[in-house]
Amino acid sequence: MGSSTKKKKEKKKDFQKLKLKVGKAKPKASNFTDTSFKSKSIVVNQQTLVAESSDPAEQFKQNLSLAINAKSDNQRRDALAYITNQLSADTPNNPVGTSGVLTKLLPLMSDGAASVRTQLLKLFRSLPPAEVGPHVEKILMYVRSGMTHLSNDIRSDTLNVLEWVLDVAGDETVSCPGGWLKTLNSFSSMLGWNPSVGSAMSAKGWTSSSRPTLGTKKGPEAQARQIQVLAKFIQTGFRPEAPVPYNAVAYWDNIYCLPGMPNPFAYLNLFGTPRDEDSEMYPDRISRQRVFDAKWRAAIAAGMDGAKKEGGTVGRAAATLDKAMNGRL
């Protein structure tokens with residue numbers, strides 16, 4: 001009796017162990033996330049949720065911030081499109097002014113997304129032309145940076161921005177500090193028409209071809225585009241000033257009356273810090289022609305002759321440049 005009772009107890013224990021093993025829960029995975037919690041609000045990082053009833057000025061500022069800080073190309077493009085629509089409306093909505101828009105958005109000229117750069121150009125074209133002139137010097141800083149960018153597409157889109165500036169504020173573009181010579185220097189870097197570099201390379205047996213367009217499928221088209229914009233830039237710089245009608249009273253007032261503007265002789269830079277020749281202002285056609293003939297006419301003429309020999313779109317663009325340099329355009 002004792003042995004049978006002992007066996008029954010052992011079987012009962014084994015059954016209980018088996019029962020515990022079968023009812024045991026499955027172990028949780030190492031990447032298990034507990035979703036049983038409840039939250040009253042959801043916070044989405046790096047996003048902007050705009051309600052239809054929001055203030056238009058606040059919506060404008062939110063989209064302006066989104067165009068700069070959003071990590072998604074589509075979000076930056078859509079934010080720029082919203083700002084463009086606000087600026088192009090019958091009653092434009094721009095609570096930050098043209099200066100605020102340019103200060104925030106000019107760095108996007110070197111954005112890696114082509115759709116963002118295309119929309120940015122549309123936005124620039126919707127700005128009031130009369131309000132662009134005072135900010136040309138700031139715009140040209142980013143234009144020159146984009147003209148020497150490693151990406152051929154960014155260089156091409158930057159030329160579109162420069163062409164827009166020449167259309168809306170051509171006189172300010174070629175007469176602001178650094179606007180004439182520094183921009184010519186950037187064109188020489190794009191086209192490889194640098195006299196010192198070209199002579200040094202030729203002496204060593206190297207070619208003086210346009211280095212920025214080598215190794216790309218769009219080399220001739222890109223070079224032709226660069227020459228066309230250069231021709232337009234030189235044409236703007238060599239354009240004769242509109243004659244001022246004679247006014248006897250204004251003539252004598254200009255000679256004998258005290259100037260009505262603060263620091264009227266600032267262009268002489270008598271007491272300011274010395275400026276290099278490239279950063280100087282060349283406010284009239286004669287001064288621009290003089291410095292162009294002294295520094296760049298020979299180098300650009302040599303590069304232009306080589307471009308003419310290539311023919312095609314490059315040769316036609318070089319012929320246009322020849323007319324601009326000689327005042328026949």
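Values below: all heavy atoms of this structure, side chains included; hydrogens, waters and symmetry mates excluded.
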*Salt bridge between D278 and K295, side-chain N to carboxylate O under 4.0 Å?*
yes
*Does the side chain of T103 come under 3.5 Å of the side chain of K138 through a donor N or O and an acceptor N or O?*
yes
*Distance only, no hydrogens: is a donor on one side chain within 3.5 Å (strictly under) of an acceptor on the other, for S175 and D171?*
no
*Tell me, with the steps shown, if L121 and D157 meet side-chain contact (heavy atoms from CB on, under 4.5 Å).*
CA-CA 8 Å; L121 180 61; D157 290 341; over 6 Å; no
*asked:* If I compare all heavy atoms of M281 with all of P177, which pair ends up nearest, and what's the gap?
replied: CG-CG, 3.4 Å
_Minimum heavy-atom distance between I154 and S110, given as atom pair plus value_ = CD1-O, 3.7 Å
*asked:* For W180, is there any backbone N or O sitting under 3.5 Å from a side-chain donor or acceptor partner on T183?
replied: no
*From Q226 atom CD to S186 atom OG, the distance as rounded to the nearest 0.5 Å*: 11.5 Å
_Ion pair E137/K182, N-O distance below 4.0 Å_ = no
*What is the minimum heavy-atom distance between A79 and N63, and which atoms define it?*
CB-O, 3.3 Å
*In sequence, state the C-alpha distance, the side-chain angles, and the governing distance for V143 and M147, and then conclude on side-chain contact (heavy atoms from CB on, under 4.5 Å).*
CA-CA 6 Å; V143 167; M147 290 171 66; 3.7 Å; yes
_Set out, in order, the CA-CA distance, both residues' side-chain angles and the distance that settles side-chain contact (heavy atoms from CB on, under 4.5 Å) for M304 and M325, then state yes or no._
CA-CA 10 Å; M304 179 182 62; M325 290 176 59; 4.0 Å; yes
*Just by modelled atom types, is the D153 backbone N or O under 3.5 Å from a matching donor or acceptor in the S156 side chain?*
no
*I234 versus F187: any side-chain heavy-atom pair under 4.5 Å?*
no
*Shortest non-hydrogen contact from V101 to F60?*
CG2-CZ, 4.1 Å
*Nearest heavy-atom pair of A169 and G133: which atoms, and what distance?*
CB-CA, 4.0 Å
*Kindly say whether G237 contributes a backbone atom to a donor-acceptor pair with the side chain of R288 at under 3.5 angstrom?*
yes
_For a quick test of reading the model, state the closest non-hydrogen atom pair linking P56 to N93 and the distance between them._
O-ND2, 3.4 Å
*Side chain R76, main chain L66, donor-acceptor under 3.5 Å*: no
*asked:* Working to the nearest 0.5 angstrom, can you tell me the gap between L140 CG and H135 NE2?
replied: 13.0 Å
_As a quick check of understanding, evaluate ring pair (Phe, Tyr, Trp, His ring centres under 6.0 Å) for F292 and Y282, giving each step before the final call._
CA-CA 11 Å; F292 178 82; Y282 298 96; over 10 Å; no
*Is there side-chain contact between L184 and L181, with heavy atoms separated by less than 4.5 Å?*
yes
*Using a cut-off of 6.0 Å, state whether more than 12 heavy atoms not belonging to I286 lie near its atom CD1.*
no
*Criterion side chain to side chain contact (heavy atoms under 4.5 Å, CB included) against F124, the qualifying member of V165, I139, L106*: L106
*So, does E241 use its side chain to make a donor-acceptor pair with the main chain of R285 at under 3.5 Å?*
yes
_Euclidean distance, N94 CG relative to I83 CD1, rounded to 0.5 Å_ = 9.0 Å
*Near K104 NZ, under 6.0 Å, is it more than 12 heavy atoms from other residues, nucleotides or ligands?*
no
*For the residue pair V168 and L127, establish whether any side-chain heavy-atom pair is separated by less than 4.5 Å.*
no
_Side-chain touch T236/T173, heavy atoms, less than 4.5 angstrom_ = no
*Compare all side-chain heavy atoms of L159 with those of M190 and state whether any distance is below 4.5 angstrom.*
yes
*Does a side chain donor of either T84 or Q119 reach within less than 3.5 Å of an acceptor in the other side chain?*
yes
_As an exercise, state the distance from CG of N85 to CG of L123, rounded to the nearest 0.5 Å._
9.5 Å
_D322 and N326 side chains, donor-acceptor separation under 3.5 Å_ = yes
_With rounding to the nearest 0.5 angstrom, report the CG to CG distance, D78 to D73._
10.5 Å
*Decide yes or no on side-chain contact (heavy atoms from CB on, under 4.5 Å) for R155 and R225, but give the supporting numbers first.*
CA-CA 10 Å; R155 292 198 303 269; R225 175 63 176 160; over 6 Å; no
*Are any of the side-chain nitrogens in D55 or K61 under 4.0 Å away from the carboxylate oxygens of its partner?*
no
*asked:* A side-chain contact here means heavy atoms from C-beta on lying under 4.5 Å apart; do D111 and L120 qualify?
replied: no
*Measure the shortest side-chain to side-chain distance between E310 and P220 over non-hydrogen atoms and say whether it is less than 4.5 angstrom.*
no
*Hey, what do you get for CG (L108) to CZ (R117), rounding to the nearest 0.5 Å?*
10.5 Å
